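Written below as structure tokens is the structure these notes are about.
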Amino acid sequence: MEIQLSNSYPFNLGFTLDCGQAFRWNKRGEWWYGVVREKGFKIRQVSSKLEFENVDADFVKDYFGLRDDLPKIFSQITIDKHIKAAVEKFNGLRILRQDPWECLISYICATYKNIPAIRQMLFNLSKKFGNKKAFNSYEFHTFPTPTRLAKTSIKELAECGVGYRAKYISETAKTIYGNDFKLEGLKKKGYEKTRRELLTFPGVGLKVADCVLLFSLGKLEAFPVDTWLKRIIIKYYTSHFPKEFIKKILSKKSLANSEYKRLNLFGRRNFGRYAGYAQEYLYHFERTQC
DNA sequence: CAAGTGCCTTTATC
DNA sequence: AGATAAAGGCACT
């Protein structure tokens, strides 16, 4: 099956899967292979045509954020030269709608790790506790369910190389399994309320919550502030803050909650209801500038 | 080569 | 409230 793209309907598959928002995609030749929930599939982009097998167009439009009105979003977030450069260079990068459960565990794992290490941890977890499937002679593993991880010992989880995160994964899985908690239900609730709910899971602080809100729950106003965004704000947006505040966050390696909230609020007020898109473009642009 | 730093941070404790 | 330390392990300098 295929979807026809255009200038008024832009999408760039490579940028979208390569910008570090999802961790379990693999490129083989010109096809990208992925697994979402129980389904493995492949997809490629040939200029303005998107081709895929084993999933329908409705799923693709949902998962890859193709229902977001990107031209409208650009018109709202392109308010300075920095964001303009990022939007021009990576035009077509879209925010995914990942599975919330996988996204939650992924970003619990992501704390204090780099992207290759995060990929490795998630691969290990999936290989050990997910189900093996195959598509087009491509083997993959589904992401382990809350039930499966709730029943897995901390020791076994730790064997996947997740370190101290093992107990957070275990406790979060048990909370969801025990209360029959439906993360999908959070899609219908507002940003603030949902963030408060996510913060009750162990291993989930403000940054992880914002990532889950943005990358899986469709809260496009979420503005995750990681170490890169902190650097970006200090580098390009320092004039929006008192000198003393900048000095303070420069002097420490990690942000206090109050400092995080201040940077996060800046992002949301400055870029508006699609601040998450601004965040991801700035993030990817800065990371690829080296 | 050893030791320090950084990695899409959170939690516990004072 | 704010500061500080600890928590895998690996790549890089």
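Small disclaimer: the values here were computed from a predicted structure and weren't measured. Chain letters run A, B, ... following the sequence lines, proteins first, then strands; residues in each count from 1.
- In this structure, the ring of A/Y33 has its center no less than 6.0 angstrom from the ring center of A/F140.
- Using cut-offs of 30° and 60° for the angle between ring planes, the A/F123 and A/H141 rings count as perpendicular.
- Using a 4.0 Å heavy-atom criterion, one finds that A/E280 contacts the bases of the nucleic acid, with or without backbone contacts as well.
- Here the C1' atom of nucleotide B/dT9 and the CG atom of A/N257 are 10 Å apart, to the nearest Å.
- Heavy atoms of A/Y260 sit nowhere under 4.0 angstrom from any nucleic acid atom.
- Within the 4.0 angstrom heavy-atom criterion, no nucleotide atom of any strand lies near A/C160.
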With side chain to side chain contact (heavy atoms under 4.5 Å, CB included) as the criterion, how do A/T200 and A/T175 come out once you've worked through the C-alpha distance, each side chain's angles and the decisive distance to 0.1 Å? CA-CA 10 Å; A/T200 64; A/T175 304; over 6 Å; no
For each nucleotide in nucleotides 8-13 of chain C, reading 5' to 3', give B when a protein heavy atom comes within less than 4.0 Å of its base, S when such contact involves only the sugar-phosphate, and - otherwise. BB----
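- The shortest side-chain heavy-atom distance between A/L50 and A/K61 does not fall under the 4.5 Å cut-off.
- Residues A/H82 and A/F285 keep their aromatic ring centres 6.0 Å or farther apart.
- Rounded to whole Å, the distance from NZ on A/K253 to P on B/dC8 is 17 Å.
- A/Y283 contributes atom OH, which lies 5.5 Å from atom CG of A/D226 (distance to the nearest 0.5 angstrom).
- Looking at heavy atoms from C-beta onward, A/M121 lies in side-chain contact with A/K113 at the 4.5 angstrom threshold.
- In DNA chain B, runs of at least 3 consecutive Watson-Crick or G-U pairs, each pair with both distances below 3.5 Å, span B:3-7 with C:9-13, B:9-14 with C:2-7.
- Residue pairs meeting the ring pair (Phe, Tyr, Trp, His ring centres under 6.0 Å) criterion with at least one member in residues 194-213 of chain A, sequence neighbours excluded, are A/F181-A/F201.
- Nucleotides C/dT4 and B/dT5 have their P atoms positioned 16 Å apart, rounded to a whole Å.
- To the nearest angstrom, P of B/dG6 lies 18 Å from CD1 of A/I115.
- Rounded to a whole Å, the CG atom of A/L104 is 15 Å from the C1' atom of B/dT9.
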A/D210 vs A/Y191, test: side-chain hydrogen bond (donor to acceptor under 3.5 Å, both in side chains). Steps then yes/no. CA-CA 9 Å; A/D210 273 330; A/Y191 169 74; 2.6 Å; yes
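- Counting only N and O atoms by type, the side chains of A/Y236 and A/D80 include no donor and acceptor under 3.5 Å apart.
- To the nearest whole angstrom, the two C1' atoms, one in B/dG6 and one in C/dG8, are 14 Å apart.
- C/dA6 and B/dG4 have their P atoms separated by 14 Å, with the value rounded to a whole Å.
- The CD-C1' distance, from A/E259 to C/dT4, rounds to 13 Å in whole Å.
- Nucleotides B/dC8 and C/dA5 place their P atoms 24 Å apart, quoted to the nearest Å.
- Centroid-to-centroid, the aromatic rings of A/F74 and A/Y281 come within less than 6.0 Å.
- DNA chain B lies under 4.0 Å from at least one heavy atom of each of the following residues of residues 202-224 of chain A: A/P202, A/G203, A/V204, A/G205, A/L206, A/K207, A/V208.
- An OP1 or OP2 oxygen of C/dA3 is reached within less than 4.0 angstrom by a side-chain nitrogen or oxygen of A/K252.
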From CA spacing to verdict: side chain to side chain contact (heavy atoms under 4.5 Å, CB included), A/K89, A/T288: CA-CA 11 Å; A/K89 184 166 179 187; A/T288 51; 4.3 Å; yes
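- Ring planes of A/F271 and A/F266: perpendicular class, angle over 60° (limits at 30 and 60°).
- Atom NZ of A/K230 is separated from atom C1' of B/dC7 by 13 Å (rounded to the nearest Å).
- Protein atom CZ of A/F23 is 15 Å distant from nucleotide atom P of B/dC7, rounded to whole Å.
- Side-chain N/O atoms of A/T227 include one lying less than 4.0 angstrom from OP1 or OP2 on B/dC7.
- Against DNA chain B, the stretch residues 231-250 of chain A makes heavy-atom approaches under 4.0 Å through A/R231.
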Pairs under 3.5 angstrom only: tabulate donor-acceptor contacts from the side chains of residues 9-21 of chain A to other protein residues two or more places apart or in another chain.
from	atom 1	to	atom 2	distance (Å)
A/N12	OD1	A/G14	N	3.1
A/N12	OD1	A/F15	N	2.8
A/T16	OG1	A/N12	O	2.7
A/T16	OG1	A/R94	N	3.1
A/Q21	OE1	A/L96	N	3.0
A/Q21	NE2	A/T16	O	3.1
A/Q21	NE2	A/R94	O	2.8

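- Taking the ring centroids of A/F52 and A/F59, they lie at or beyond the 6.0 Å cut-off.
- The glycosidic torsion of C/dG8 lies within 90° of 0, which places this base in the syn conformation.
- Following rounding to the nearest Å, A/K167 (NZ) and B/dT10 (P) show an atom-to-atom distance of 14 Å.
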